[in-house]
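Values below: every heavy atom of this structure, side chains too, minus hydrogens, waters and symmetry copies. Below, read A as the first sequence line, B as the second, and so on, with proteins coming before strands; counting in each chain starts at 1.
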Number of protein chains: 2
Amino acid sequence: MNKTIADIAQMAGVSKSTVSRFLNGGSVSLDTKRKIEKVVKATGYVPNTFAQSLKAKRTNIIGTVVPRLDSFATSHTLMGIDEELRSQHYQMLISNTSQDVKREIEAIYEFARQKISGIILLAAQITDDHLTAIQDISIPVLLVGQQHEQIHSLIHDDYRAGYDIGAYVLSQGHREIAYVGVTERDVAVGVQRKEGFRQAVRDALPAGCYTDEEMRAAGYDIRYYETGFKMSDARIAASAILDQFKPSLMVCATDNIALGVINAAYSKGITIPSDLSVTGFGGYDITEVIHPALTTVQYPYMEAGRVAAQNIVRLVEHKTVEPVTVMDYSLIERESVDKR
Amino acid sequence: MNKTIADIAQMAGVSKSTVSRFLNGGSVSLDTKRKIEKVVKATGYVPNTFAQSLKAKRTNIIGTVVPRLDSFATSHTLMGIDEELRSQHYQMLISNTSQDVKREIEAIYEFARQKISGIILLAAQITDDHLTAIQDISIPVLLVGQQHEQIHSLIHDDYRAGYDIGAYVLSQGHREIAYVGVTERDVAVGVQRKEGFRQAVRDALPAGCYTDEEMRAAGYDIRYYETGFKMSDARIAASAILDQFKPSLMVCATDNIALGVINAAYSKGITIPSDLSVTGFGGYDITEVIHPALTTVQYPYMEAGRVAAQNIVRLVEHKTVEPVTVMDYSLIERESVDKR
DNA sequence: CTGAAAGCGCTTACAG
DNA sequence: CTGAAAGCGCTTACAG
């Protein structure tokens, strides 16, 4: 395991330069090629990564910054990235920031220091500090899950998904709906999904029906709430909502929130879906196995990871990439929504 | 970002050696120390990792080999490892093997090639190839979740946990029990949990009651089954079991399996816990929020990760570590077990 | 305490 | 196509 390029050169009876050229696909005569190949195979020689990187000033490593590790979306995206990167002979390095924006910035600089070739950034929001860091390091960055005009982005089609969920539940006859969203600082989850949904409602309303009163007169009562990303937060929020409003359906901005809502409903003796229908966003595995199974939007996280990996590699290799890549999704109708 | 040690030396009016010594805590006079410190701060100098590693022939990186990323146990263990490593100024590198044993072996060699300082191995089973690889690389390895006499190990107390679950469900009056386990090739999950449970049953039996017939005469009917780790597999297995055996309780070797069982029960119109009680192992977040909440054994995965990190760092630094570290657990009684 | 020098294992112009 | 040489940015005996 400890052979150096000098050993190989000596054993093959050529110079180090030639071996290096052979390794990196430079021009080498067929004859020497064979000689070196034999020695490399026999010795199991592998070049020292550090020496390579020190000279070449770059690595075959893609750094991925993630806000958390214990999330279905993150882990599946990571698996997709890892798989694709591996097939392209790149390595994935993960930096977990535990939802700490300061650590996100640090991670970006730290990756730069380590001469990482490219960075995939899974972030809930992009601040000026992010922008500054990305500018500073002059390394390709791909944003996943959010969109920003100054950064190559890969997103899920949150707006359309929100619209589809809205159109679907309306088509099932629901008119009294609580939309349980998250902070608008997360544009994808907090704004896009909600606005998509809101637009679906608008499109369903009779013409000229805009104000809350007009909506109510038309039989619609749609209210918007905000909670955190954690199931426990959602449970508490849902409990409070249900004390003051009796919707026939709750649209939740994530599957986790939906799970919290379902739990809160059970605690109050509310049966799903006959008393209360529920929908989510995400398509986590667990949503299929609970009872009743959750109607939700399924995002192709693993596939998104693969595409993200392809894009960042293209960026690293100075090939063109669309400013924004939009992934598809599917609406999965299961048991948690009743007809009204 | 591009200063080298030579620049710093020049700016501080000392030699490169002295700067290096300062950086690595060697003996430097207070005066020079101050001079160098000032320059380092002013320039924001950070040493080039590759050059360091190339010379020093070691890194501050700990490699972690994981069979999968999308598991509660894995992700929480990783978070604990990462957190602790970070605080000790080590970095964590993750290699996901997608449950492919061959890739586990490759990952070990690859880490060695990259001069990683130590390896934390989360593996379901240890083969001869693992042993050979670990021998070959001569880098400290810590095994997490499984125990092996030739490798420093950190385990959860699966046997005692199995015993406790057994004693608990017996104390609740259950006598007709299906134990739904996994392959015995996974010693921790497949053997230890089951044998702990089996011993609890033995200890509860009247003296001199050994054979199946004697057990049945004493009112006990305990049957053992095996399934896969996936919810979907467990669902199918449970469905088949319930067609031929009507236990009052099913003890599942993992929370995932329990989730599959619960789903199968619902599909058959079996109510939990009144018709059928269920228990799991793991303590995944989701088990608390489903209805009814799952009675299970909770393992401190995050804490285990932290301890694992401490241990591997001690190993790397040639300090002593116990051959086996055993983590504690807690039995969480919730709603999925009825009294009989 | 401090510095000059060698060397870690590669790659890359530059000649030939 | 091939080789000698310089150099990437550090660290580490070795002198002083």
Return a table of donor-acceptor pairs under 3.5 angstrom between the side chains of residues 308-316 of chain B and protein atoms on other chains or two or more places apart.
{"unit_1": "B/Asn311", "atom_1": "ND2", "unit_2": "B/Thr325", "atom_2": "OG1", "d": "3.1"}
{"unit_1": "B/Arg314", "atom_1": "NE", "unit_2": "B/Thr320", "atom_2": "O", "d": "3.0"}
{"unit_1": "B/Arg314", "atom_1": "NH2", "unit_2": "B/Thr320", "atom_2": "O", "d": "3.2"}

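- The side chain to side chain contact (heavy atoms under 4.5 Å, CB included) check on A/Lys38 picks up nothing, with sequence neighbours excluded.
- B/Glu83 is linked by a salt bridge (Lys or Arg N to Asp or Glu O under 4.0 Å) to B/Arg306, counting only residues two or more places apart in sequence or in another chain.
- Ion pairing of A/Arg86 with A/Asp82 is present here, as a side-chain N (NZ or NE/NH1/NH2) and a carboxylate O approach within less than 4.0 Å.
- In this structure, B/Tyr45 reaches the sugar-phosphate backbone alone: every heavy-atom distance under 4.0 Å involves primed, P, OP1 or OP2 atoms, never a base.
- A side-chain hydrogen bond (donor to acceptor under 3.5 Å, both in side chains) with A/Tyr299 holds for exactly one of A/Thr77, A/Asp157, A/Asp158; it is A/Asp158.
- Secondary-structure stems of DNA chain D, taken as three or more successive Watson-Crick or G-U wobble pairs (i with j, i+1 with j-1) under a 3.5 Å distance threshold, comprise C:1-3 with D:14-16, C:5-12 with D:5-12, C:14-16 with D:1-3.
- The list of salt bridge (Lys or Arg N to Asp or Glu O under 4.0 Å) pairs with a residue in residues 5-21 of chain B, not counting sequence neighbours, is empty.
- Taking atom CZ of residue A/Phe50 and atom C1' of nucleotide D/dG7, one finds them 20 Å apart after rounding to whole Å.
- Atoms CG (A/Asn48) and C1' (D/dC8) sit 13 Å apart, rounded to a whole Å.
- B/Met79 meets the side chain to side chain contact (heavy atoms under 4.5 Å, CB included) test with A/Leu69, A/Asp70, A/Asn96, B/His76, B/Met302; sequence neighbours excluded.
- Atom CG of B/Leu30 is separated from atom P of C/dT2 by 10 Å (rounded to the nearest Å).
- The side chain to side chain contact (heavy atoms under 4.5 Å, CB included) test applied to A/Asp129 returns A/Ile105, A/Thr127, not counting sequence neighbours.
- The side chain of B/Gln52 places an N or O atom within less than 4.0 Å of a non-bridging phosphate oxygen (OP1 or OP2) of D/dT11.
- With distances taken from any side-chain atom of A/Asn24 to the nucleotides C/dT11, D/dT11, C/dG9, the minimum falls on C/dT11.
- A sub-4.0 Å separation between OP1 or OP2 of D/dT2 and a side-chain N or O of A/Ser29 is present.
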Between the protein and nucleotides 3-5 of chain C, list the N/O to N/O atom pairs that are separated by less than 3.5 angstrom.
{"unit_1": "C/dG3", "atom_1": "OP2", "unit_2": "B/Ser15", "atom_2": "N", "d": "3.1"}
{"unit_1": "C/dG3", "atom_1": "OP2", "unit_2": "B/Ser15", "atom_2": "OG", "d": "3.3"}
{"unit_1": "C/dG3", "atom_1": "OP2", "unit_2": "B/Thr18", "atom_2": "OG1", "d": "2.7"}
{"unit_1": "C/dG3", "atom_1": "N7", "unit_2": "B/Arg21", "atom_2": "NH2", "d": "2.9"}
{"unit_1": "C/dG3", "atom_1": "O6", "unit_2": "B/Arg21", "atom_2": "NH2", "d": "2.6"}
{"unit_1": "C/dA4", "atom_1": "N7", "unit_2": "B/Ser17", "atom_2": "OG", "d": "3.3"}
{"unit_1": "C/dA4", "atom_1": "N6", "unit_2": "B/Ser17", "atom_2": "OG", "d": "2.6"}

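- Partners of A/Tyr284 according to the ring-ring contact (aromatic ring centres under 6.0 Å, His included) rule, which considers only residues two or more places apart in sequence or in another chain, are A/Phe72.
- Sorted by first then second residue, the ring-ring contact (aromatic ring centres under 6.0 Å, His included) pairs that include residues 21-66 of chain A, not counting sequence neighbours, number zero.
- Within residues 4-12 of chain A, the residues having any heavy atom under 4.0 Å from DNA chain C are, by residue number, A/Thr4, A/Ile5.
- Here side-chain hydrogen bond (donor to acceptor under 3.5 Å, both in side chains) pairs that include residues 139-152 of chain A, with residues two or more places apart or in two chains, are A/Gln146-A/Asp186.
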